[in-house]
Every structure is written in structure tokens, then in C-alpha cells.
Q: 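Structure incoming, see below.
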Number of protein chains: 2
Amino acid sequence: MAKKRAYHHGDLRRALLQEAVRLIQRKGVDALTLRAVGEPLGVSRTALYRHFADKSALRAAVASEGFRMLTLQVLEAWNGHGRNAEAFQEMGMAYVRFAMAHPSHYRVMFGECVEASTDPELAREGAAAFQALVDALTWQQQNGSVRPDNPLRLAQFIWATVHGIAMLAIDRLLESQQTDVEELTRFANERLRIAISV
Amino acid sequence: MAKKRAYHHGDLRRALLQEAVRLIQRKGVDALTLRAVGEPLGVSRTALYRHFADKSALRAAVASEGFRMLTLQVLEAWNGHGRNAEAFQEMGMAYVRFAMAHPSHYRVMFGECVEASTDPELAREGAAAFQALVDALTWQQQNGSVRPDNPLRLAQFIWATVHGIAMLAIDRLLESQQTDVEELTRFANERLRIAISV
DNA sequence: ACCTGAACACCGTTCAAGT
DNA sequence: ACCTGAACACCGTTCAAGT
């Protein structure tokens with residue numbers, strides 16, 4: 001009875017995805033092995049191949065899910081705070097908060113192993129996240145609250161900054177100075193506002 | 001005669017380090033295996049254990065070497081251009097150029113696998129690179145050309161930006177918009193100057 | 001002091017076979 | 001349609017043995 005779901009697991013794909021995230025969270029990207037992800041689910045190490053092309057496709061799926069969540073959260077911050085300068089700051093805060101709250105997702109999203117070029121869905125989700133930033137900038141340019149530089153270039157500049165903070169924080173490279181990441185992000189967003197004002 | 005150096009290789013430690021970098025450069029961090037690094041040197045896969053504690057110590061050594069080179073190059077840019085606002089920009093350019101020129105080193109330096117906390121030499125080299133940035137900022141604060149914020153905080157902000165550009169460039173995330181990384185870095189540095197001015 | 005070769009416990013992937 | 005189990009070619013690390 002305990003092994004009733006040995007065959008035809010309800011939603012093995014989702015379960016595998018969930019377990020993969022849990023595994024990376026607890027023991028790092030290197031600990032994500034097919035055996036380790038299958039065992040807690042009571043499934044053989046090759047069961048995964050019915051749902052994903054291979055191990056890297058599993059990682060790409062984690063990354064896709066991550067980008068989808070990230071886009072949702074930054075858009076919510078931007079739209080929920082009135083699409084103004086303050087809302088743009090909250091967008092930056094939301095970005096870094098997402099990375100801190102989901103370091104496993106974030107690491108896979110920007111890791112070496114996952115190539116957006118090989119997975120069209122991942123490329124789409126990644127592009128959507130970036131587009132949210134570009135849109136917020138062009139909106140502010142039409143307002144006259146952001147200088148009329150190339151919006152793509154502005155977006156890359158700001159993306160690099162929040163991405164840099166996120167990566168350094170996840171890699172624990174800000175801890176030696178006992179930095180409050182939230183504070184650093186707020187400081188950076190204030191300085192960025194000066195940098196992109198007309 | 002061709003196998004003369006089968007025993008007592010002249011400087012196997014250096015050769016292993018070099019081969020490790022070459023391997024990561026050509027085939028990625030995952031391709032760095034003890035077998036793959038030993039074979040081209042005509043040495044068994046376990047020979048490495050005479051010179052490094054284990055595989056992760058080899059990676060840490062690559063990272064240390066990277067930080068040492070990085071510090072040299074940013075200091076040369078800063079000192080060589082007169083320690084002024086322009087020199088500070090060149091420091092930023094030198095940072096990103098280093099990452100582009102040595103992506104293998106850079107990826108290992110900031111990868112998940114290498115923990116500065118476990119290797120004191122790596123921690124020292126990493127701290128020295130960051131200190132070069134802090135010093136350049138306090139120098140400019142004494143000049144009155146940079147606002148008197150907490151220099152550590154300013155340094156983290158700027159580090160995050162150049163680190164973000166470097167990471168995105170290495171991960172090929174700027175290619176879809178056909179970005180000239182050099183141009184983006186110059187743009188970012190100009191905007192950062194506005195952000196940190198008094 | 002420095003390196004080898006066998007052994008061990010792992011790994012991703014393929015594939016014929018089972019339900 | 002979905003999953004298993006054996007097989008294959010890998011992997012890092014340990015350790016007794018060789019020079």
C-alpha cells in the first residue's frame with residue numbers, strides 16, 4: 001500500500017522539480033544528482049528521463065521557473081507602488097529580495113551550466129524579466145523623470161548593479177564587512193536614481 | 001627519453017595549475033577533472049595529491065592566482081593614470097577587461113564551489129583586491145571629488161556594478177542585444193561618477 | 001620526496017524489459 | 001505511457017607499493 005504510487009506517479013515532473021530545488025538549497029548545485037533527486041520520491045534514477053531530456057534540462061526547468069517568479073515579483077513591486085521613482089526603487093529591492101529568498105533558483109538561472117541558447121522557454125522567460133526593467137525605464141523617460149539615454153543601455157547598467165549585489169550576497173562575499181544587504185541595496189538604488197536622472 | 005620527466009616533474013604544481021585553467025577555458029568548469037588535467041602532462045590522476053589537498057584546493061589556487069592578477073591590473077590602471085576621476089574610470093575598465101580576458105579565472109573566483117572561508121590565502125587575495133577599490137575611493141574623498149559616504153558602502157556599490165557587468169558578459173547574457181561590453185562599461189562608469197560625486 | 005595502479009563508492013545515460 | 005534494472009563509461013579519493 002505504501003508503494004501504491006510506484007507506477008504512474010501523480011505529477012512526477014513537478015515533484016522532481018521541487019526536489020531538485022530542495023536539494024540545491026540544502027547541499028549546493030553539485031549535490032543535484034539524478035539518484036539523489038529520485039530516491040526521496042521513491043523512484044528510480046532513470047525515471048526522470050520520461051519528463052526531461054537530461055539532467056541539464058532539469059536545471060533549465062528550475063531556471064525557467066525562477067525567471068517566471070522573478071518577473072512576477074518585480075512587476076508587482078513596480079505596478080503596486082504607482083510606477084514612479086519610488087516604485088522603481090521597490091522594483092530593485094524586489095529583485096535582490098528574490099535572489100536572497102531563492103538562492104538556489106538564482107544560482108541556476110545565472111550559472112555556467114544552464115545555457116539560455118539551448119532552451120527556448122528559458123530564453124523567453126529570461127527576456128521577459130529583462131523587458132520588465134526596460135519598460136519601467138521607458139515609462140519614466142516619457143515622464144521626464146529619467147534621462148533620454150538608450151533605454152536598453154540604461155537597463156543593462158541597472159541590471160548589472162542589482163545582479164552584482166545579488167551574486168555577491170549569495171556568494172557570501174559581503175559578510176566579512178557584516179553588510180546588511182537590504183541597506184546596501186537601498187543605498188545603491190538611491191545612487192542609481194541620481195545617476196539616471198535627467 | 002620522451003618520458004624522462006615521468007618522475008620528479010620540474011614544477012608539476014605550476015603545470016597542473018596552468019593545465020586546469022586551459023581546461024576550464026576550453027571546456028568549462030565541469031570539464032575540470034583530475035584525469036583530464038593529469039593526462040596532457042603525462043602524469044597519473046593521483047599525482048595531484050602531492051601538490052594539492054584535493055580538487056577543490058586546485059580550484060582555490062586558480063582563484064587565488066586570479067585575484068592576484070586582478071589586483072595588479074586595477075592598481076596599475078589607478079596609479080598609471082594619475083589617481084584622479086579619469087584614473088578611477090580606467091580602474092573600472094581594467095576590472096571588466098580582466099574578467100573578459102580571463103573568464104575561467106573569473107568564474108572560479110566567484111563560483112559556488114570555491115569558498116574563501118576554507119582557504120586563508122584565497123581570502124587574503126580577495127580582500128586585497130577589494131581594498132584597492134576602497135583605497136582609491138578614500139583617496140578621492142580626501143580630494144573632495146567623491147562624496148563623504150561610508151567608503152566601504154561606496155566600494156560595495158561600485159564593485160557590484162562592475163562585477164555584474166563582468167558576470168553578465170561572461171555568461172553571454174548581453175549578446176542578445178549585441179552589446180559592446182567595453183561601451184557598456186564606459187557608460188556605467190560615467191553614470192557611477194555622477195552617482196558618487198559630492 | 002614524488003608518483004603509480006588497483007580498489008572503492010560514486011556519477012549520467014542508454015536500452016531492453018516489465019506493468 | 002511510465003518506470004525499472006542491468007550495463008557502460010565515467011568520476012574523486014584512498015592506500016599500499018614502487019623509484
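Just so you know, these numbers use all the heavy atoms, side chains as well, and skip hydrogens, waters and symmetry mates. Naming convention: chains lettered A, B, ... in sequence-line order (proteins, then strands); numbering from 1 in each chain.
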Q: For a stem of at least 3 consecutive Watson-Crick or G-U pairs with distances under 3.5 Å, i pairing with j, i+1 with j-1 and so on, which stems involve DNA chain C?
A: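 Stem segments, range with range: C:4-8 with D:12-16, C:12-16 with D:4-8.
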Q: Would you please say whether a donor-acceptor pair under 3.5 Å links the side chains of Arg193(A) and Asn189(A)?
A: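 No - no donor-acceptor pair under 3.5 Å links their side chains.
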Q: If I take atom CG in residue Leu34(A) and atom P in nucleotide dT4(D), what distance separates them, rounded to the nearest angstrom?
A: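 Result: 13 Å.
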Q: Once the angle between the rings of Phe157(A) and Phe187(B) is folded into 0 to 90°, is it parallel (under 30°), tilted (30 to 60°) or perpendicular (over 60°)?
A: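 Because their plane-to-plane angle is over 60°, the rings of Phe157(A) and Phe187(B) count as perpendicular.
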Q: Which of these, Tyr95(B), Phe130(B), Tyr106(B), sits in a ring-ring contact (aromatic ring centres under 6.0 Å, His included) with His163(B)?
A: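 Only one option passes, and that is Tyr106(B).
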Q: Would you call the rings of Trp139(A) and Trp78(A) parallel, tilted or perpendicular, where under 30° means parallel and over 60° means perpendicular?
A: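 Rings of Trp139(A) and Trp78(A): perpendicular, as their planes differ by over 60°.
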Q: Under 4.0 Å from OP1 or OP2 of dA1(C): is there any side-chain N or O of His51(B) that close?
A: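 Indeed not, no polar side-chain atom of His51(B) lies that close.
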Q: Under 4.0 angstrom, heavy atoms only, what part of the nucleic acid is Leu48(B) near: base, sugar-phosphate, or nothing?
A: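 If one applies the 4.0 Å heavy-atom cut-off, Leu48(B) turns out to touch nothing in the nucleic acid.
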Q: When you compare the protein's N or O atoms with those of nucleotides 6-8 of chain D, which come within less than 3.5 Å of each other, and at what distance?
A:
none

Q: Whether Glu183(B) and Arg153(A) form a salt bridge (side-chain N of Lys/Arg under 4.0 Å from carboxylate O of Asp/Glu) is what I want to check.
A: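 Judged by the 4.0 Å cut-off on N to carboxylate O distance, Arg153(A) and Glu183(B) do form a salt bridge.
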Q: Could Glu121(A) and Arg124(A) be called an ion pair, given the rule that one side-chain N must be under 4.0 Å from one carboxylate O?
A: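 Looking at Arg124(A) together with Glu121(A), the answer is no, because their closest N to O distance does not fall below 4.0 Å.
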Q: Members other than Ile194(B) in its cluster, when Ile, Leu, Val, Met, Phe, Trp, Tyr link by side-chain heavy atoms under 4.5 Å?
A: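 Hydrophobic cluster check, Ile194(B): joined to Ile194(A).
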Q: Could you check how far CD of Glu39(A) sits from C1' of dC11(C), rounded to whole Å?
A: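 My rounded result for the distance is 14 Å.
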Q: Between Glu182(B) and Arg97(B), is there a salt bridge with N-O shorter than 4.0 Å?
A: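 Judged by the 4.0 Å cut-off on N to carboxylate O distance, Arg97(B) and Glu182(B) do form a salt bridge.
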Q: Measure from CG on Leu32(B) to C1' on dC11(D) and round the result to the nearest Å.
A: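 The distance from CG of Leu32(B) to C1' of dC11(D) comes to 12 Å, rounded to the nearest Å.
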Q: According to a strict under-4.0 Å criterion, is Tyr49(A) in side-chain N/O contact with OP1 or OP2 of dC3(D)?
A: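 The answer is no; no side-chain N or O of Tyr49(A) sits under 4.0 Å from OP1 or OP2.
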Q: Nearest whole angstrom, please: distance from the C1' of dA1(C) to the CG of Asp11(B).
A: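 Rounded to whole Å, this separation is 15 Å.
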Q: Strictly below 4.0 Å: does Ser44(B) bring a side-chain N or O up to OP1 or OP2 of dC3(C)?
A: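 For Ser44(B), the contact criterion (side-chain N or O under 4.0 Å from OP1 or OP2 of dC3(C)) is not met.
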Q: What integer distance in Å separates Asp54(A):CG from dC11(C):P?
A: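 My rounded result for the distance is 17 Å.
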Q: If you check the Val43(A) side chain, which of dT4(D), dC11(D), dG12(C) turns out closest?
A: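 The answer is dT4(D), which lies nearest to the side chain.
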Q: Judged by modelled atom types alone, do Thr179(A) and Gln156(B) share a side-chain donor-acceptor pair under 3.5 Å?
A: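 Checked: Thr179(A)/Gln156(B) side chains pair up, N/O donor to acceptor below 3.5 Å.
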Q: Across the strands shown, which category fits Leu58(A) at heavy-atom distances under 4.0 angstrom: base, sugar-phosphate, nothing?
A: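 Since no nucleic acid heavy atom lies under 4.0 Å of Leu58(A), the category is nothing.
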Q: Nearest whole angstrom, please: distance from the P of dC3(D) to the CZ of Phe52(A).
A: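 Those two atoms, CZ and P, are 12 Å apart.
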